[in-house]
Chemist: 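Please find one structure pasted underneath; my questions will follow.
Lettering of chains follows the sequences in order, A, B, ..., and the numbering in each one begins at 1.
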2 protein chains.
Amino acid sequence: MALTLRQRNRLAAMHHIIETAIDLFDEHGYTAVTVEQVAAAAGVSPRTFYRYFGTKEGLFTTDTHAAIGQDLLAEQLDLDDLPGTLERIVASVHTAAAPSGGAALYTPWSGVRYVLEEPAVREAVYTALDDLSERLTAALRSTGADPTRARVAVRSYLFGVYFGALEQWHLDGRVRPLLDYVKEGSAVLAGPSGPSGSSG
Amino acid sequence: MALTLRQRNRLAAMHHIIETAIDLFDEHGYTAVTVEQVAAAAGVSPRTFYRYFGTKEGLFTTDTHAAIGQDLLAEQLDLDDLPGTLERIVASVHTAAAPSGGAALYTPWSGVRYVLEEPAVREAVYTALDDLSERLTAALRSTGADPTRARVAVRSYLFGVYFGALEQWHLDGRVRPLLDYVKEGSAVLAGPSGPSGSSG
DNA sequence: CCGCTAGATGGCAGTGCATGCCATCTTGAC
DNA sequence: GTCAAGATGGCATGCACTGCCATCTAGCGG
């Protein structure tokens, strides 16, 4: 591992705070639980909480394994095939969340409910998607793509296909695989008749 | 007019507060100006400011002519032709903002800079788009459209085409008409080859 | 084993956003 | 003129978040 002891302790503490916070949220509701209460329950000071996550919503938007996440994205990214990239990443995260052999390092689905149902968290996630959009748009433009086309395509896949599929998957009770929704969403944009709603 | 005296006074006061606020923002910056300062400069109490706009960012997301806005949307809305709907609304707002004969009731472009450049405002606008997405998705579903297809299509047009076009238009210095960007954005989604970035 | 340096943490005070409550004032109907 | 309803202001409060400084700990060299 390329992480020092301090870095590993930090990540462990962050995961502990996240799990403690979600337990409190499940019991009392997101808005009713204060950052001070989360920090106290997790055994850290509020000041440290803010140093870790920046904001209360940062619990859901901070990439707690930034190194891994960056590697995964860089590894799967294909700017000429955005739907394929999205599907591969969703597939990777999904298998990682349901491990068959090793221990799950991190279960990213425990907080999805708050991402979709809590307005403040949802808002923060939009900002995170916004940041990612900007980076991907810049990357796509560096390959020679038209600025407007690049911007619209990236944003449509992230805010439209990805977030839309995630929400519909959640609303439907998480029965069918998320990947099915992502594929159907990609088909909406790539379909020969365009994304007009008249073909439902 | 269908508005009572109280309603007209309220709208006039809101417009006055908005203009006062933007003047202060232009001079000192958005974050450096407090709600208390805006309220004092506009001659109202902070409590009234919050009753009008809900939040500081509500200055940019509150529809100050809700009745007119709703009429416009309902009038132009065609669920079978989302790109056409978007283009007609953009065209309407643009002509309203550059009046040739009568006086401009409202200039919606004075605050666009903050919508795109100020993170807190941008975030709030995302939530406003999110609300609109939900309403349009519900309307589209009521026509028999597939849930996932409806959700992805609406969100792609609002977050991808509309917001993306607005941002690129702003980044390019607002030289070409916004409508051009919207049309190009719509073409990205409706194009025969799909929204992949390889055709730039 | 002992200090030293740098980074991490905690405590504290302060600011600003936002809301609830109640008193006061204005509007508009009778 | 009277009265109810609505709009406004002032006050108190809670919570998110930040800057500042003191303290503690990890990790390294002697």
Side-chain angles (χ1 to χ4, degrees), chain A residues 1-18 20-21 24-25 28-62 64 66 114 118-125 127-128, chain B residues 1-18 20-21 24-25 28-62 64 66 114 118-125 127-128:
Chain A
M1 60 191 66
L3 300 178
T4 75
L5 174 62
R6 275 199 167 125
Q7 288 172 311
R8 290 197 296 119
N9 286 342
R10 177 190 173 93
L11 290 183
M14 290 176 78
H15 283 145
H16 176 238
I17 294 172
I18 291 174
T20 303
L24 286 177
F25 296 158
H28 302 104
Y30 179 78
T31 54
V33 176
T34 69
V35 170
E36 193 176 347
Q37 291 171 337
V38 170
V44 298
S45 72
R47 197 67 189 80
T48 295
F49 177 97
Y50 283 109
R51 267 191 270 259
Y52 280 170
F53 301 105
T55 68
K56 186 181 181 184
E57 290 74 33
L59 282 168
F60 300 95
T61 58
T62 300
T64 54
Y114 295 100
E118 203 62 44
V121 180
R122 195 174 170 113
E123 203 169 50
V125 169
T127 293
Chain B
M1 60 190 68
L3 299 178
T4 74
L5 174 62
R6 272 196 170 131
Q7 287 172 313
R8 289 196 296 119
N9 286 341
R10 178 189 173 94
L11 290 184
M14 290 175 76
H15 283 144
H16 176 237
I17 295 172
I18 291 174
T20 303
L24 286 176
F25 296 158
H28 303 104
Y30 179 79
T31 55
V33 176
T34 69
V35 170
E36 193 176 348
Q37 291 171 336
V38 171
V44 297
S45 72
R47 198 65 189 82
T48 295
F49 177 97
Y50 283 109
R51 266 191 272 261
Y52 281 169
F53 300 105
T55 68
K56 186 181 181 184
E57 291 74 33
L59 282 169
F60 301 95
T61 58
T62 300
T64 53
Y114 295 100
E118 202 62 43
V121 180
R122 196 176 170 111
E123 203 169 48
V125 169
T127 293

Chemist: Using atom CZ of A/R51 as one end and atom P of C/dG11 as the other, report the distance to the nearest whole Å.
Modeler: 11 Å

Chemist: Just the rounded figure in Å: distance from P of C/dG16 to CD of B/E57.
Modeler: 15 Å

Chemist: Rounded to the Å, how far apart are B/Y30 OH and C/dG16 C1'?
Modeler: 12 Å

Chemist: Does B/F53 reach the side chain of B/T61, with side-chain heavy atoms less than 4.5 Å apart?
Modeler: no

Chemist: Does B/Y52 reach a base, just sugar-phosphate, or nothing at all? Heavy atoms under 4.0 Å.
Modeler: sugar-phosphate

Chemist: Measure the spacing between CZ of A/R122 and OG1 of A/T127 and express it to the nearest 0.5 Å.
Modeler: 13.0 Å

Chemist: If I compare all heavy atoms of A/L24 with all of A/Q37, which pair ends up nearest, and what's the gap?
Modeler: CD1-O, 4.0 Å

Chemist: Output a table of nitrogen or oxygen pairs between the protein and nucleotides 25-29 of chain C separated by less than 3.5 Å.
Modeler:
residue	atom	partner	partner atom	Å
C/dT26	O2	B/R6	NH2	3.3
C/dT27	O4'	B/R6	NH2	3.0
C/dT27	O2	B/R6	NH2	3.3

Chemist: Could you state the atom-to-atom distance from CD of B/E123 to P of C/dC17 in whole Å?
Modeler: 15 Å

Chemist: For residues A/R51 and A/R10, report the shortest heavy-atom separation together with the two atoms involved.
Modeler: O-NH2, 4.0 Å

Chemist: Between B/E118 and B/F25, does a side-chain contact (heavy atoms from CB on, under 4.5 Å) hold up when you go through it step by step?
Modeler: CA-CA 11 Å; B/E118 202 62 43; B/F25 296 158; over 6 Å; no

Chemist: State, yes or no, whether a side-chain contact exists between A/I18 and A/F60 at a heavy-atom distance under 4.5 Å.
Modeler: no

Chemist: If we fit an axis to the first five pairs and another to the last five of the helix from C/dC1-D/dG30 to C/dC30-D/dG1, what angle do they make, to the nearest 10°?
Modeler: 10°

Chemist: Below 4.5 Å, heavy atoms only, C-beta onward: do A/F49 and A/E36 meet side chain to side chain?
Modeler: no

Chemist: When you measure from the centre of the six-membered ring of B/Y30, is the NZ or CZ of B/K56 closer than 6.0 Å and no more than 45° off the axis?
Modeler: yes

Chemist: With a 4.5 Å limit on heavy-atom distance, are the side chains of A/L59 and A/Y52 in contact?
Modeler: no

Chemist: Take atom CD of B/E36 and atom C1' of D/dG9, then tell me their distance rounded to the nearest Å.
Modeler: 13 Å

Chemist: Specify the separation, in whole Å, of atom CZ of A/R10 and atom P of C/dG7.
Modeler: 13 Å

Chemist: Measure the distance from CZ on B/F49 to P on D/dT8 and round it to the nearest whole Å.
Modeler: 14 Å

Chemist: Find which nucleotide of DNA chain C each of A/R47 and B/R47 is nearest to by heavy atoms, and output the residue with the more 5' nucleotide.
Modeler: A/R47

Chemist: Check this one for me: any side-chain N or O of A/T48 less than 4.0 Å away from OP1 or OP2 of C/dG10?
Modeler: yes

Chemist: Check the distance between C/dC17's P and B/Y50's OH and give it to me in whole angstrom.
Modeler: 5 Å

Chemist: What's the closest nucleotide to the B/T34 side chain, out of C/dG16, D/dC15, D/dC17?
Modeler: C/dG16

